Amino acid sequence: MSSSPATLPVTNQQATQSQPPINTHAFRTFLSRLSSSLRESLSQRRPWLELVDRSSFARPDSLSDSFTRIRKNLAYFKVNYSAIVSLVLAFSLLSHPFSLLVLLSLLGSWMFLYLFRSSDQPLVLFGRTFSDRETLLALVLTTIVVVFMTSVGSLLTSALTIGVAIVCLHGAFRVPDDLFLDEQEGSANAGLLSFIGNSAATSAAASVVAGRV
């Protein structure tokens with residue numbers, strides 16, 4: 001008498017597609033807008049040879065003359081000046097790898113733990129689920145500690161101070177008489193940093209709202 005082979009129970013296991021840890025659509029939108037803002041801003045830069053034209057340098061007559069020159073040169077060379085400050089900041093960070101690593105880790109924490117985290121992916125650490133408010137509070141406190149209580153804050157302050165000093169020194173000694181400033185007077189505060197800041201803030205806010213709805 002032959003016994004039939006034992007049959008194994010068949011279970012229909014459906015493959016569950018896990019959601020990505022971040023909102024990829026919002027993240028790509030943010031990068032796209034940031035890239036567009038960078039291209040638009042860099043297209044407005046002035047020729048670097050015009051910036052360093054030795055024949056256009058002269059000592060200012062007075063302190064008020066220095067301020068007037070700085071204001072006009074800022075309006076005209078705003079993108080170039082922003083690039084100079086950014087280069088000084090980048091050089092300072094590259095010369096201090098630990099501070100650069102700390103800042104990149106802090107930026108990554110903000111992006112992947114809060115700004116672009118998918119709304120249906122709760123943050124779970126050490127077996128505990130953290131709400132959005134708790135995550136935001138922890139990130140804010142961590143940022144305050146890193147920026148104001150470590151050498152990272154002093155490094156950023158020093159780099160920005162050096163960059164601004166270079167810009168002000170150039171602006172005070174560069175005679176702006178040969179510059180066409182009619183279309184620049186109304187946009188003295190615009191430039192590379194404002195483009196980046198506005199785009200980043202808008203994209204990040206839109207991503208946060210979209211991710212929390």
Side-chain angles (χ1 to χ4, degrees), residues 20-46 48 51-52 74 77-118 121 123-128 130 132 134-171 190-208 211:
I22 64 171
N23 190 334
T24 55
H25 175 70
F27 186 63
R28 290 174 181 174
T29 301
F30 171 79
L31 291 180
S32 176
R33 292 181 180 179
L34 183 60
S35 177
S36 299
S37 297
L38 282 172
R39 287 195 300 267
E40 181 181 357
S41 300
L42 292 176
S43 65
Q44 301 177 13
R45 71 185 184 276
R46 303 298 179 179
W48 290 102
L51 187 77
V52 297
L74 278 175
F77 294 112
K78 55 183 180 293
V79 177
N80 303 75
Y81 285 160
S82 299
I84 291 174
V85 175
S86 300
L87 286 175
V88 173
L89 183 60
F91 179 78
S92 299
L93 290 175
L94 290 175
S95 61
H96 296 79
F98 177 75
S99 298
L100 177 61
L101 180 61
V102 170
L103 283 179
L104 290 178
S105 300
L106 184 62
L107 178 62
S109 299
W110 272 99
M111 295 179 66
F112 294 105
L113 296 182
Y114 188 77
L115 292 178
F116 301 111
R117 179 167 52 84
S118 300
Q121 290 288 326
L123 180 62
V124 180
L125 294 176
F126 306 107
R128 185 180 185 279
F130 293 86
D132 287 342
E134 292 173 331
T135 304
L136 177 61
L137 179 61
L139 289 172
V140 169
L141 292 178
T142 302
T143 302
I144 292 175
V145 171
V146 169
V147 173
F148 295 101
M149 299 183 182
T150 65
S151 60
V152 176
S154 60
L155 175 64
L156 294 177
T157 303
S158 301
L160 290 176
T161 301
I162 294 174
V164 172
I166 293 174
V167 168
C168 291
L169 186 64
H170 178 276
L192 179 63
L193 296 181
S194 61
F195 274 118
I196 296 176
N198 291 339
S199 175
T202 302
S203 303
S207 303
V208 172

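In this text the structure is predicted, and so the values were computed from the model without any measurement.
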**Request:** Decide yes or no for Leu93 and Leu156: does some side-chain heavy atom of the first lie under 4.5 Å from some side-chain heavy atom of the second?
**Result:** yes
When rounded to the nearest 0.5 Å, the distance separating SG of Cys168 from CG of Leu74 is 7.0 Å
Those residues at least two apart in sequence (or on a different chain) that pass side-chain contact (heavy atoms from CB on, under 4.5 Å) with Leu104 are Leu100
The complete set of ring pair (Phe, Tyr, Trp, His ring centres under 6.0 Å) pairs with one or both residues in residues 140-163, sequence neighbours excluded, reads none
Scanning both residues in full, the closest heavy-atom pair of Ala159 with Leu89 reads CB-CD1, 3.8 Å
Query raised in the report: Where the side chain of His170 meets the backbone of Tyr81, is there a donor-acceptor pair that is under 3.5 Å apart?
Result: no
For Leu107, the side-chain contact (heavy atoms from CB on, under 4.5 Å) test, sequence neighbours excluded, returns Met111
Side chains of Ile84 and Leu51 in contact at under 4.5 Å (non-hydrogen atoms): yes
Quick note, side chain to side chain donor-acceptor pair (under 3.5 Å) partners involving residues 141-163, not counting sequence neighbours, are Trp110-Thr143
Nearest heavy-atom contact between Val85 and Val164 is CG2-N, 4.3 Å
Residue pairs passing the side chain to side chain donor-acceptor pair (under 3.5 Å) test with at least one member in residues 93-107, sequence neighbours excluded, are none
